2 protein chains.
Amino acid sequence: MRIDRIQELLATHGAEAVLLTFLPDVHWAVGFTGSNGLLIVRRDSAHFLTDRRYEVQAHQEVRGAEVHVPGYELIEHAAKESLLGTSGTVLFQSDHVSVAHLEKLKAAFPDVIWLPAAAFLTGAVAQKDPSEIEQMKAAQHITEAVFEHLLGLIRPGITEREVAAEIVYQHLRGGAERVSFDPIVAAGPNGALPHLRPTIRTIQAGDMVVIDMGCYVDGYASDMTRTLAVSEPGAEARRVYQIVRDAQQRALDSARAGLTTKHLDAAARDVIEQAGYGEAFSHSLGHGIGLQVHEWPRVSYLTEDVLPENAAVTIEPGIYLPDKFGVRIEDVIVLRAEGHENLTGAPKDLIVL
Amino acid sequence: MRIDRIQELLATHGAEAVLLTFLPDVHWAVGFTGSNGLLIVRRDSAHFLTDRRYEVQAHQEVRGAEVHVPGYELIEHAAKESLLGTSGTVLFQSDHVSVAHLEKLKAAFPDVIWLPAAAFLTGAVAQKDPSEIEQMKAAQHITEAVFEHLLGLIRPGITEREVAAEIVYQHLRGGAERVSFDPIVAAGPNGALPHLRPTIRTIQAGDMVVIDMGCYVDGYASDMTRTLAVSEPGAEARRVYQIVRDAQQRALDSARAGLTTKHLDAAARDVIEQAGYGEAFSHSLGHGIGLQVHEWPRVSYLTEDVLPENAAVTIEPGIYLPDKFGVRIEDVIVLRAEGHENLTGAPKDLIVL
């Protein structure tokens with residue numbers, strides 16, 4: 001059980017308790033999906049607190065912790081009921097708790113010694129269990145169905161924004177809670193700006209179109225990028241597409257638990273550099289994904305974390321040629337001891353609409 | 001100019017500089033709308049820093065500060081270039097800066113004395129100028145056009161989720177950047193749960209349907225709630241609707257700058273209590289709105305802030321009857337010395353579809 005895992009971490013840190021306030025971590029620990037709640041884990045008990053809006057939902061969802069439903073003042077209630085114990089050392093999530101919030105905690109619990117714990121659950125949360133992988137697949141399936149739909153919709157004359165609106169709509173119609181980020185639809189030269197918002201530019205014959213999208217289902221994220229051509233894009237675009245495709249394949253062939261993030265990034269980056277486009281691959285290869293669409297580990301030439309078994313990460317090399325076009329291809333994979341499982345099934349050979 | 005306003009606050013606090021890291025405040029101060037940036041305001045200069053993704057956008061948008069575009073390491077660049085000066089007292093946004101982030105700041109600027117400043121710009125940001133009101137109206141107009149569209153769409157047999165998907169789609173088609181929160185569509189008994197997510201329940205003849213929605217345009221939010229009847233809802237629903245309508249009108253008639261939030265809340269709450277439904281109005285009357293859909297001041301029986309001139313707030317009384325239905329009506333208004341300006345034009349007499 002995940003509470004047991006947290007209690008092991010308490011012992012490692014030599015603390016009596018931990019106060020978890022970062023909601024994706026609370027979701028991971030006890031299953032709560034609402035927008036207000038906190039979790040106290042002690043060596044021999046666990047307490048979840050939320051407000052009355054979530055009374056029914058908390059009793060349905062929360063596993064492994066006693067549920068408390070006071071008014072809005074969760075910290076005050078925890079103090080009154082001595083849910084942290086009366087003294088001792090308590091960990092808090094120092095990468096998520098503001099300086100002002102810590103002052104409130106100190107005032108509410110004058111006898112507690114607060115210990116900062118950054119990235120407290122990062123390593124544990126990264127390692128997905130089979131049920132989490134199933135939830136991520138469910139989100140991914142919706143995104144792939146939306147992609148299928150787009151193939152019948154994208155044509156010269158439609159604007160990037162119209163396509164983006166359709167992406168959001170079809171995800172919601174397909175059962176997503178929400179999109180996991182504002183979709184990117186970047187046609188022709190706009191594709192060379194990796195994070196441009198969709199514009200009122202109409203898609204034109206000959207355009208390469210970068211589409212990056214995803215959603216949340218039951219709190220778990222999908223994320224997928226494909227690049228399409230709208231009628232024949234020309235020899236340079238085809239050549240660059242194939243380089244990105246090869247770079248991604250090389251990374252997929254290399255991917256396994258135990259590699260460093262820098263090593264995995266290099267597998268794709270080497271292919272792009274050898275083709276002469278190193279400068280044009282201006283971002284990292286990928287990022288962890290799960291209860292947040294971007295989470296640890298960052299798969300980058302700037303980081304040297306060891307990739308844990310069962311971590312889910314994106315593999316998304318790209319080449320961006322100013323004033324011309326961009327190409328990016330992105331899958332989500334799960335790292336295994338001997339390789340990986342690819343959660344993304346949408347085709348990757350260049351589609352010319 | 002807003003930088004001047006911030007420099008006045010520096011003098012008030014006796015500080016040499018302030019580091020602004022909360023993006024809605026940075027947007028307010030210099031106009032930047034991207035997702036990564038920070039602003040340093042000193043007594044005689046101002047420096048805005050962002051990463052290369054936003055190089056073009058920053059030069060287009062930022063007013064009143066020198067633009068710096070280093071790599072991703074903004075704090076390190078600020079230290080290297082001594083953008084905070086070499087010593088002295090510097091304010092930081094203690095309600096937004098995490099404990100771990102403050103440690104990084106201390107390490108990067110070993111000679112700076114960091115002073116916590118919670119709610120540093122809250123009062124200034126609350127007072128909207130005419131151009132901000134115009135931007136809020138633009139967002140509001142899109143939301144009202146979506147409402148018009150819904151009147152032709154909602155009918156027995158459609159699910160709450162289908163209506164919610166349509167709300168998001170029509171906002172995006174209408175020019176919104178995104179919705180300002182996941183829309184609420186709560187029919188019949190679901191309406192009695194003020195923050196329930198849209199379900200697969202089909203709307204039925206006789207249902208009251210609570211619809212709460214909004215969007216962002218140029219960073220500014222809209223927010224509107226209307227409650228519709230789908231065919232005749234019956235005498236109790238009509239009576240409760242009229243009480244909420246009267247309560248909202250009483251608050252609007254009372255609203256002016258200089259009142260306390262508690263006093264304004266009471267104007268509506270008294271009407272509902274006198275009608276015998278006090279327990280069923282289970283939330284505050286409203287909230288500030290602008291660059292965030294929820295910002296200071298909270299218009300509540302729990303707060304006694306004085307409402308500043310030109311602050312924009314929602315006025316949204318509601319009555320929720322378990323297992324029956326809910327009614328909420330919400331407008332956005334701007335407080336003036338002698339009254340208010342209502343930014344919301346959608347009709348408020350009960351619409352029976």
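Letters A, B, ... are given to chains in the order of the sequence lines, protein chains preceding strands, and every chain is numbered from 1. Since this is a predicted model, take the numbers as computed values, not measurements.
Each of V179(A), L193(A), V168(A) has some count of heavy-atom pairs under 4.5 Å with chain B, and the biggest count is that of V168(A). Contact count against chain B (heavy-atom pairs under 4.5 Å) is highest for D182(A) among L302(A), L102(A), D182(A), I200(A). Top candidate by heavy-atom pairs under 4.5 Å with chain B, chosen from H101(A), H171(A), R178(A), is R178(A).
Atoms CD and CZ, on E166(A) and R173(B) in that order, are 7.5 Å from each other to the nearest 0.5 Å.
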Derivation of the side chain to side chain donor-acceptor pair (under 3.5 Å) call for Q170(B) and Y169(A): CA-CA 9 Å; Q170(B) 294 298 337; Y169(A) 184 59; over 6 Å; no

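With a 4.5 Å cut-off on non-hydrogen atoms, R197(A) touches chain B through its side chain but not through its backbone. Residue Y54(B) does not touch chain A at all, counting heavy-atom pairs closer than 4.5 Å.
A pairwise comparison of heavy atoms in V99(A) and S98(B) identifies CG2-O, 4.0 Å as the closest pair.
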